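Taking it in order: structure first as structure tokens, then the write-up.
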Number of protein chains: 2
Amino acid sequence: MKVNQHKIPLNKKIVIETSAQLFFDKGYGYTSMDDVSMVSGVSKSNIYYHFKSKEDLLVAVIEYWSEYYRKLIEQAVYAKTLSVESRIISFLNSLSMEISKREYKGSCPFITLYMQSPMEPTDAKRKITFFFTRLEPAFVELFQQGIDQGEFQGKITAESMGSLFLTTMEGALLLSEVTQDSSKIITTAKNFCKMLY
Amino acid sequence: MKVNQHKIPLNKKIVIETSAQLFFDKGYGYTSMDDVSMVSGVSKSNIYYHFKSKEDLLVAVIEYWSEYYRKLIEQAVYAKTLSVESRIISFLNSLSMEISKREYKGSCPFITLYMQSPMEPTDAKRKITFFFTRLEPAFVELFQQGIDQGEFQGKITAESMGSLFLTTMEGALLLSEVTQDSSKIITTAKNFCKMLY
DNA sequence: TCATATTAGTACTATACCGTACTAATTATT
DNA sequence: AATAATTAGTACGGTATAGTACTAATATGA
């Protein structure tokens, strides 16, 4: 009846999930370790038992978000019975639903956290960079399917399409936050697809 | 022979320009008022003579960047002898030159500063939102010219094009920083234009 | 000239917050 | 049962930093 089969201490998981939300909502710099302790209900001493520093916790949070989005995107890419555009739209719908749930605060955790990092290279920043380099091929594969199935015309290569799409949607996520307009995500995606026909 | 005709105290200007760079490079939260004082060479007491708080200084910095980019974009939009694409490319070239000058740190000051702001609405955040709402019509006008001159086909409206372009380039700026790849800006723009032909 | 605005310097306060130390209880694990 | 891992609690140290107080010098403008 144990929830926790893999020896991951329960509190460690709670702390990661709590601070993932807090860092995302309030920002890394505006979230104190005492905040994390209070909101999670885990004692501060226990937090420092699991994480040697706040930055160490940040790295764990980034791993958490990486895994979270990796799964989300995997679902979209491998639902091969649907058209590429409908897979894109359903993926973005789940994204924009989450964003409106959090009242337009915090569009993309990776960019948000990267921008809140210090100038110096850190493990956190490296992990974020790595996430994006891993992400692009997934989108390229998606558009390759779209080209192969004749859904999009091959005016530009699948590589360019995937890269451009990722870039565009990243911009849409951020601008939807800055302009408080969650509809931007879907309209951007639709316009993008229109240009590909 | 006075540089300073409009009664703007010299030090005030120096402080704004210095902190514009520091906030951009190091980040708002990682820049102390003592840093600003040391780098600018203006005494801290004098800084607080001109700005009642650090956040007040931030607002001035955002106004500075707004004006800076407004001018840059104005030049691009109203150089009507050139083709739209070449105006876009030359505008983006000046952008990416600046970015490589600062060694890929700090892509878009507005997004960077917005992401570093606290959750609560602030004057700074409002000014950034305002900047982007003002920015979009300028790009729309640019693409309207492109359609009118037959440079782009009207597969989507000039409104959609302008909005999509702004979104895409914003994403390119950010991802060029996160992935440390300044070429992304130009390649993104070129691919974007290719899709419009 | 005289008032006002701008400047530097120095010292200081208040506080938020990361991280540590230590104790002791409780919960796995073997 | 014994050992190790996980947990809470409490208190505190150290430091960075926003902002203030006050004095006094210098520039500016009327």
Side-chain angles (χ1 to χ4, degrees), chain A residues 1-23 25-62 113 116-120 122-124, chain B residues 1-23 25-62 113 116-120 122-124:
Chain A
M1 218 45 74
K2 267 189 298 182
V3 184
N4 187 20
Q5 292 136 335
H6 301 290
K7 297 181 170 185
I8 307 151
L10 182 60
N11 276 5
K12 185 170 187 178
K13 212 182 155 198
I14 292 174
V15 168
I16 290 173
E17 285 167 3
T18 304
S19 32
Q21 287 304 324
L22 285 175
F23 289 175
D25 293 341
K26 300 180 46 167
Y28 177 69
Y30 296 100
T31 305
S32 71
M33 292 301 264
D34 287 296
D35 287 340
V36 174
S37 172
M38 275 189 297
V39 176
S40 66
V42 174
S43 68
K44 204 164 85 164
S45 45
N46 194 230
I47 295 175
Y48 277 100
Y49 173 79
H50 290 296
F51 306 97
K52 73 173 199 296
S53 67
K54 191 184 179 187
E55 210 195 307
D56 196 41
L57 175 57
L58 175 61
V59 171
V61 164
I62 288 165
L113 292 175
Q116 288 170 5
S117 296
M119 252 182 116
E120 301 77 41
T122 59
D123 284 347
Chain B
M1 219 43 78
K2 266 190 297 183
V3 183
N4 188 19
Q5 292 137 336
H6 302 290
K7 296 181 169 185
I8 307 152
L10 181 60
N11 276 5
K12 186 170 185 177
K13 211 182 156 200
I14 292 174
V15 168
I16 290 173
E17 285 166 3
T18 305
S19 30
Q21 287 303 326
L22 285 175
F23 289 174
D25 293 341
K26 301 181 45 168
Y28 177 69
Y30 296 99
T31 305
S32 71
M33 291 300 263
D34 286 298
D35 286 339
V36 175
S37 172
M38 275 188 298
V39 176
S40 66
V42 174
S43 68
K44 203 163 86 165
S45 46
N46 194 229
I47 296 175
Y48 277 100
Y49 173 80
H50 290 296
F51 305 97
K52 73 173 200 296
S53 66
K54 192 183 178 187
E55 209 196 307
D56 196 40
L57 174 57
L58 175 60
V59 170
V61 164
I62 288 166
L113 293 175
Q116 287 170 5
S117 295
M119 251 183 117
E120 302 77 41
T122 60
D123 284 348

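All values reported here derive from a predicted model rather than from experimental measurement.
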- All ring-ring contact (aromatic ring centres under 6.0 Å, His included) counterparts of A:Y28, not counting sequence neighbours: A:F23
- Task: Compare side-chain N and O positions of B:N11 against OP1 and OP2 of C:dT7 and report whether any pair is under 4.0 Å apart.
- Result: yes
- Name the closest nucleotide to the B:K54 side chain, picking from D:dG19, D:dT6, C:dT6. D:dG19
- Report the distance from atom CG of B:L58 to atom C1' of D:dA18, rounded to the nearest whole Å. 14 Å
- Task: Flag the pair B:M33 / B:L57 as yes when at least one side-chain heavy-atom distance between them is below 4.5 Å, and no otherwise.
- Result: yes
- Item | Sorted by number, the residues of residues 36-53 of chain B with heavy-atom contact under 4.0 Å to DNA chain D | B:K44, B:Y48, B:S53
- Query: A:V39: what forms a side-chain contact (heavy atoms from CB on, under 4.5 Å) with it, not counting sequence neighbours?
  - Reply: A:T18, A:L22
- Atom-pair distance (CG on A:D56; C1' on C:dC18), nearest Å: 14 Å
- Atom-to-atom span, CG of A:L57 to P of C:dC18 - whole angstrom: 10 Å
- Query: Who passes side chain to side chain donor-acceptor pair (under 3.5 Å) against B:S45, sequence neighbours left out?
  - Reply: B:S43
- Length of the NZ-P vector between B:K13 and C:dA5, whole Å: 22 Å
- Selection residues 38-61 of chain B - residue pairs positive for salt bridge (Lys or Arg N to Asp or Glu O under 4.0 Å), sequence neighbours left out: B:D34-B:K44
- Query: Within 45° of the ring axis of B:Y49 and under 6.0 Å from its six-membered ring centre, is that where the NZ or CZ of B:K12 lies?
  - Reply: no
- What's the CZ-C1' distance between B:F23 and D:dA18, to the nearest Å? 12 Å
- Could you tell me the separation between the CG atom of B:D35 and the C1' atom of D:dT17, rounded to a whole number of Å? 10 Å
- Contacts of type salt bridge (charged side-chain N to carboxylate O under 4.0 Å, His left out), residue B:K26, not counting sequence neighbours: B:D35
- Message: B:Q116: which residues meet the side chain to side chain donor-acceptor pair (under 3.5 Å) condition with it, sequence neighbours left out?
- Response: none
- Students should find that the end-to-end axis angle of the helix from C:dT1-D:dA30 to C:dT30-D:dA1, with five pairs defining each axis and rounding to 10 degrees, is 30°
- Item | Within-4.5 Å side-chain heavy-atom neighbours: A:S19 and A:T31 | no
- Query: Rounded to the nearest Å, what distance is computed from the CD atom of residue A:E55 to the P atom of nucleotide C:dC17?
  - Reply: 18 Å
